[in-house]
Novice: 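Structure in structure tokens, see below.
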Amino acid sequence: ATRFDHKGAETRWQQAWDTAGSFVADDASRRPKAYVLEMFPYPSGRIHTGHVRNYTMGDVIARTRRAQGFEVLHPMGWDAFGMPAENAAIERGIHPGGWTRDNIAAMRAQLKRLGFAFDWSRELATCEPEYYGQEQALFLDLLAAGLVYRKESAVNWDPVDMTVLANEQVIDGRGWRSGAVVERRRLSQWFLRITDFADDLLTGLDALENWPEKVRLMQENWIGKSQGMRFTFAVAHSETRFDVFTTRPDTLFGASFAALAPDHPISQSLAENNPALAAFIAECRAGGTSTADIEGQEKKGFDTGLSVIHPLDPTIRLPVFVANFVLMDYGTGAIFGCPAHDQRDLDFARKYALPVMRVVAPEGEADTPIQAEAYTGPGTLINSRFLDGMTIDAGKSAVIARAEAEGWGQGTIVWRLRDWGVSRQRYWGTPIPIIHCDGCGVVPVPHDQLPVVLPEDVTFDVPGNPLDHHPTWKHVDCPVCGKPARRETDTLDTFVNSSWYFIRFASAPTDQPFDRAIAEKWLPVGQYIGGVEHAILHLLYARFWTRALNRIGRLGVTEPFAGLFTQGMVTHETYSRDQGEGHAPLYFTPEEVDRTSAGATLKADGAPVEVGRIIKMSKSKKNVVDPDTIIETYGADAVRWFVISDSPPERDLAWSEAGIDGAWRFVQRVWRLAEDCASTEPLVGGEPDLKLARILHRAIAAITVDIDRLQFNKAIARLYELVTAIERAPVSPTRLEAIPVLLRLISPMTPHLAEESWALLGQPGMVCDAAWPVADPALLIDDTVTIAIQVNGKLKDSFETAKGADRGALEIEVLGREKVVRALEGRAPRKVIIVPDRLVNLVA
Ligand code: ANZ
Ligand code: ZN
């Protein structure tokens, strides 16, 4: 027996698939279509094990579907715009484009080494004008349809780097690079009208049966539909009124103050004659714009001295504050505070010594005082006059009914979802195809002038957006009046790039974003696979874009992804040494360490290192393994096999040397079987092995279902069983026939091994083109039977046993059974009548 030569086999078969165009999808094919897609990667530099697991799952499905007779679309590309490329440019003086394209080349080579059945002819990178130019065309179509608009909104402004920061670049209220305290600034920005589709995006979730429940729930919460109320407060001794928005009208009798956003017009006008308030408002503007930033801040307020009249009882007055936690962009920019039942309000009330009155009592509890925590759970209304005794929902309806009858407020449906701000003040993104003219205003770039191409000659030596300080790029003539005008220098959020790439994969003509008829042949994606970290934004944005394209008549599909699967992470233990007080521990890679069951030592000095928890692989903790090194040692098939074998695909997978080693040994076992089979003389007239045939056909049936349900680890467990059974079976025609079937079953997981073995056995063509095996129903029938036990013709007991069990064995089994012993009162039967496979009757 020889060892499976993975290096030779891998290059040989990867080339053969390539030459044959095995995985090129044919738009014109008459077969049923299957679109299998994994979330495309950001070209960060190297493929990591998480990618390998994700793409292996997709590959198993794609290859299986192909064998089952589907025309399969299984593409791969690059989500190639984004900040890391610009950071590399700033830190290392490399052009973002060069950095990105080099990374793509390296990662493409890595993916090819893994033998994934991608249709490389459809590869795309979002940073190329062929892609983003078509995106600009779509953007202008949405603009024309009123689904894009411009409005002023708050951004994070770094006053030192003079640049807008994304929320993730604001760390503890400071710019991540400069360390300067971030300011909130208002800038004109482009928005997509996703809120127009809020209802549809929500109700559409119901039909997504092949999505994980948790993802549907996350989307539902993000969209956040709830019953709310808007009402008007009248300021005492004044004509001034303002509206507040609340989701808890039931708690109105627990109100102890009202609060305005610092940017609220009333706050602004009061500040004109009140320098202390003006200073407070300026202070509020410092700090990041994300909800997390705002929630993390200490709650602060400024007492305006005004008070408002309680709408349900004009004798009650509530003080009016300007408060830093009230946002101008949400609701009406003003609230009433109910400290007992809202944590922010409670923190605020404790700070400014405002009353805290409970108005909701949970089951079995009456008016217990509120301590440090607001009560936000269910219960019965108390201290609330006409509402007392009602549930929260009944109370909401009652207050809304009263407000509507009396004309001071009305019920509203409220959505948590905001319109999507897509403007980014950065270079490495899709240029927004707009020209600003002093005379004509905002002018779309005419279609025949697309794409608006990013200039290559940019510098990162001064802070700010390189497009803005490029000497010539932004200066253009207005397409309408011909006078000098300026290009928009903002680029699109990279989430826009990933919101339609799956459509471009399906159809990528040069003169339009996609061909509708061809795209509709493939869409929706049948099975989408990716990380749960994209469960909210990416999926929601892609669902929105698909609907938006549908609304403007470009596409007949509304849901982009019929099936979704979110895989678990790849984890590994960590190795570290403590560096003393005030220092971060020093981490070591698995390769730098010798690991035994007793512990771990550093190869370099032989001294122990600490073995830490099994956590997600990350560069900072150095608990990563490099797929290239592993492929080199164990081969692509062993890697593919291991990443889907050890745990259910939705769970985390703990990487281990032992695991990958086990996968390698399995590859060798299959290879040995193939060699064994190839060297066996054809048997003429040998007896079939029915037992093995049964095992084989059950395996076919079960594995088919397992793959269909994405239960790859189960399929693999059955393949282990099948291989063991074939190994142990005596030589027979059945055994010889079983091996090519085995090869077809393992080919989605270990395609190089399967091809090499297939060729060794002299099977026709390539195994990737062979049909998926179909189980023979006759061999699936249960081979156990239920035997009824009678004593004097009366049923006493029954049991299961193998079909065809002989009389002696049956008699021994029956006479030993407790119920039988009791029925015979300990005596031996006079007579034993046996109907094979059916019945044993004892005559006493
Ligand atoms: C009174 C109240 C009582 C509230 C109570 C909550 C609990 P969600 O669920 O996130 O939509 N709110 C309204 N507008 C706001 C703004 N512009 N900035 C900050 N907070 C604002 O939150 C709705 C609740 O957030 C509203 O309901 C309001 O506080 C507050 F026991 O009104 B509530
Ligand atoms: Zn003009």
Side-chain angles (χ1 to χ4, degrees), residues 154 198 221-231 233 242-264 266-267 284 289 291-295 297 299-301 310-311 318 321-349 354 356-361 370 373-379 381 383-384 387 392 395-396 399-400 409 411-418 434-446 476-487:
N221 290 337
W222 189 263
I223 298 168
K225 182 180 184 175
S226 64
Q227 169 74 61
M229 180 171 101
R230 270 168 177 259
F231 69 91
F233 270 131
F242 62 88
D243 282 358
V244 298
F245 159 66
T246 177
T247 48
R248 295 296 302 275
D250 55 299
T251 64
L252 200 46
F253 282 111
S256 56
F257 65 95
L260 302 165
D263 290 324
H264 195 284
I266 298 177
S267 313
C284 292
T289 62
T291 355
D293 287 332
I294 289 163
E295 265 156 23
Q297 283 166 11
K299 312 288 169 284
K300 280 190 206 156
H310 196 292
L318 307 171
F321 286 80
V322 173
N324 65 345
F325 65 89
V326 183
L327 311 172
M328 194 55 221
D329 297 351
Y330 189 42
T332 61
I335 63 159
F336 81 81
C338 173
H341 304 292
D342 182 284
Q343 193 59 43
R344 288 171 304 183
D345 296 350
L346 183 61
D347 297 344
F348 192 81
L354 298 162
V356 179
M357 182 169 63
R358 181 191 278 281
V359 289
V360 181
I370 299 284
E373 232 176 272
Y375 179 70
T376 56
L381 298 180
N383 299 327
S384 296
L387 304 174
I392 290 176
K396 282 184 188 178
V399 172
I400 291 170
T412 49
I413 298 287
V414 282
W415 302 92
R416 187 178 171 276
L417 186 67
R418 300 283 87 106
I434 293 289
I435 291 165
H436 299 280
C437 169
D438 289 336
C440 314
V442 167
V443 180
V445 173
V476 281
D477 292 338
C478 169
V480 177
C481 69
K483 291 196 191 125
R486 283 154 290 111
R487 274 191 198 290

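All residue numbers refer to positions in the sequence shown, counting from 1. Whatever order the structure lists ligands and atoms in, that order sets their numbers, starting from 1. FYI, side chains are in, hydrogens and waters are out, and symmetry mates aren't considered; it's all heavy atoms of this structure.
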Novice: As an exercise, identify every atom of ligand 1 less than 4.0 angstrom from a heavy atom of His341.
Specialist: 5 (C), 7 (C), 31 (F)
Novice: Heavy atom to atom 33 (B) of ligand 1, shortest distance: which of Thr332, Thr246, Asn324 holds it?
Specialist: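 Considering heavy atoms of Thr332, Thr246, Asn324, the nearest to atom 33 (B) of ligand 1 sits in Thr246.
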Novice: Starting from atom 3 (C) of ligand 1, what is the nearest protein heavy atom, named by residue and atom, and what distance separates them?
Specialist: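 Result: Thr251 OG1, 3.3 Å.
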Novice: Looking at atom 17 (N) of ligand 1, what's its closest protein heavy atom, distance included?
Specialist: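 Among all protein heavy atoms, the one nearest atom 17 (N) of ligand 1 is Leu327 O, 2.6 Å.
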Novice: CG of Leu318 to CZ of Phe257: how many Å apart, nearest 0.5 Å?
Specialist: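 Nearest 0.5 Å value for the CG-CZ distance: 9.5 Å.
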Novice: Please verify whether a non-hydrogen atom of Arg344 lies at under 4.0 Å from ligand 1.
Specialist: yes
Novice: Could you check whether any side-chain heavy atom of Arg248 comes within less than 4.5 Å of a side-chain heavy atom of Val360, counting everything from C-beta outward?
Specialist: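 The answer is yes, as the side chains (C-beta and beyond) meet within the 4.5 Å cut-off.
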Novice: Note the single closest protein heavy atom to atom 24 (C) of ligand 1, along with its residue, its atom name and the distance in Å.
Specialist: Thr247 OG1, 3.7 Å
Novice: When the ring centroid of His310 is compared with that of Phe233, is the distance short of 6.0 Å?
Specialist: no
Novice: For Asp263 and Met328, indicate whether the former's side chain and the latter's backbone hold a donor-acceptor pair under 3.5 Å.
Specialist: no
Novice: As an exercise, identify every atom of ligand 1 less than 4.0 angstrom from a heavy atom of Phe325.
Specialist: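 Numbered from 1, ligand 1 contributes 18 (N), 19 (C).
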Novice: Side chain of Asn383, backbone of Arg358: donor and acceptor closer than 3.5 Å?
Specialist: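 Pair found, side chain donor or acceptor close to backbone of Arg358.
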Novice: Assess whether a salt bridge exists between Arg486 and Asp438, defined as any Lys/Arg side-chain N lying under 4.0 Å from an Asp/Glu carboxylate O.
Specialist: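 Answer for the salt bridge query: yes.
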Novice: Looking at Pro311 and Leu252, what are the two nearest heavy atoms and their distance?
Specialist: CG-CD2, 4.0 Å
Novice: My understanding is that we take every heavy atom of each candidate and find the minimum distance to atom 8 (P) of ligand 1. Doing that for Phe336, Tyr375, Trp415, Tyr330, which one comes out nearest?
Specialist: Tyr330
Novice: Search all heavy atoms of Val356 against all heavy atoms of Pro339 and return the closest pair with its distance.
Specialist: CG2-CB, 4.0 Å
Novice: Which of the atoms of ligand 1 are close to Val326, meaning less than 4.0 Å from one of its heavy atoms?
Specialist: 16 (C), 17 (N), 18 (N), 19 (C)
Novice: If you have a sec, work out which protein heavy atom is nearest atom 6 (C) of ligand 1 and how many Å separate them, to one decimal?
Specialist: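 Ranking protein heavy atoms by distance from atom 6 (C) of ligand 1, first comes Asp342 OD2, 3.4 Å.
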Novice: Quick check on the 6.0 Å ring-centre criterion: do Phe325 and Phe348 meet it?
Specialist: yes
Novice: Below 3.5 angstrom, do we get any N/O pair linking Met328 and ligand 1?
Specialist: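 No, since none of the N or O atoms of Met328 sits under 3.5 Å from an N or O of ligand 1.
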Novice: Just to be sure I'm reading this right: ignoring hydrogens, which of Ile335, Asp329, Ile392 gets closest to atom 12 (N) of ligand 1? Compare them by their nearest heavy atoms.
Specialist: Ile335
Novice: Tell me, please: is Cys338 in heavy-atom contact with ligand 1, that is, under 4.0 Å?
Specialist: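 It does, in that a heavy atom of Cys338 comes within the 4.0 Å cut-off of ligand 1.
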Novice: Please report which non-hydrogen protein atom sits nearest to atom 28 (C) of ligand 1, along with the residue it belongs to and the distance in Å to one decimal place.
Specialist: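 Its nearest protein heavy-atom neighbour is Phe245 O, 3.8 Å.
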Novice: To the nearest 10 degrees, how large is the angle at the Zn ion (ligand 2) between Cys437 SG and Cys478 SG?
Specialist: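 Once rounded, the angle between the two atoms at the Zn ion (ligand 2) is 110°.
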Novice: Is there a side-chain contact between Arg230 and Val244, using heavy atoms and a 4.5 Å cut-off?
Specialist: no
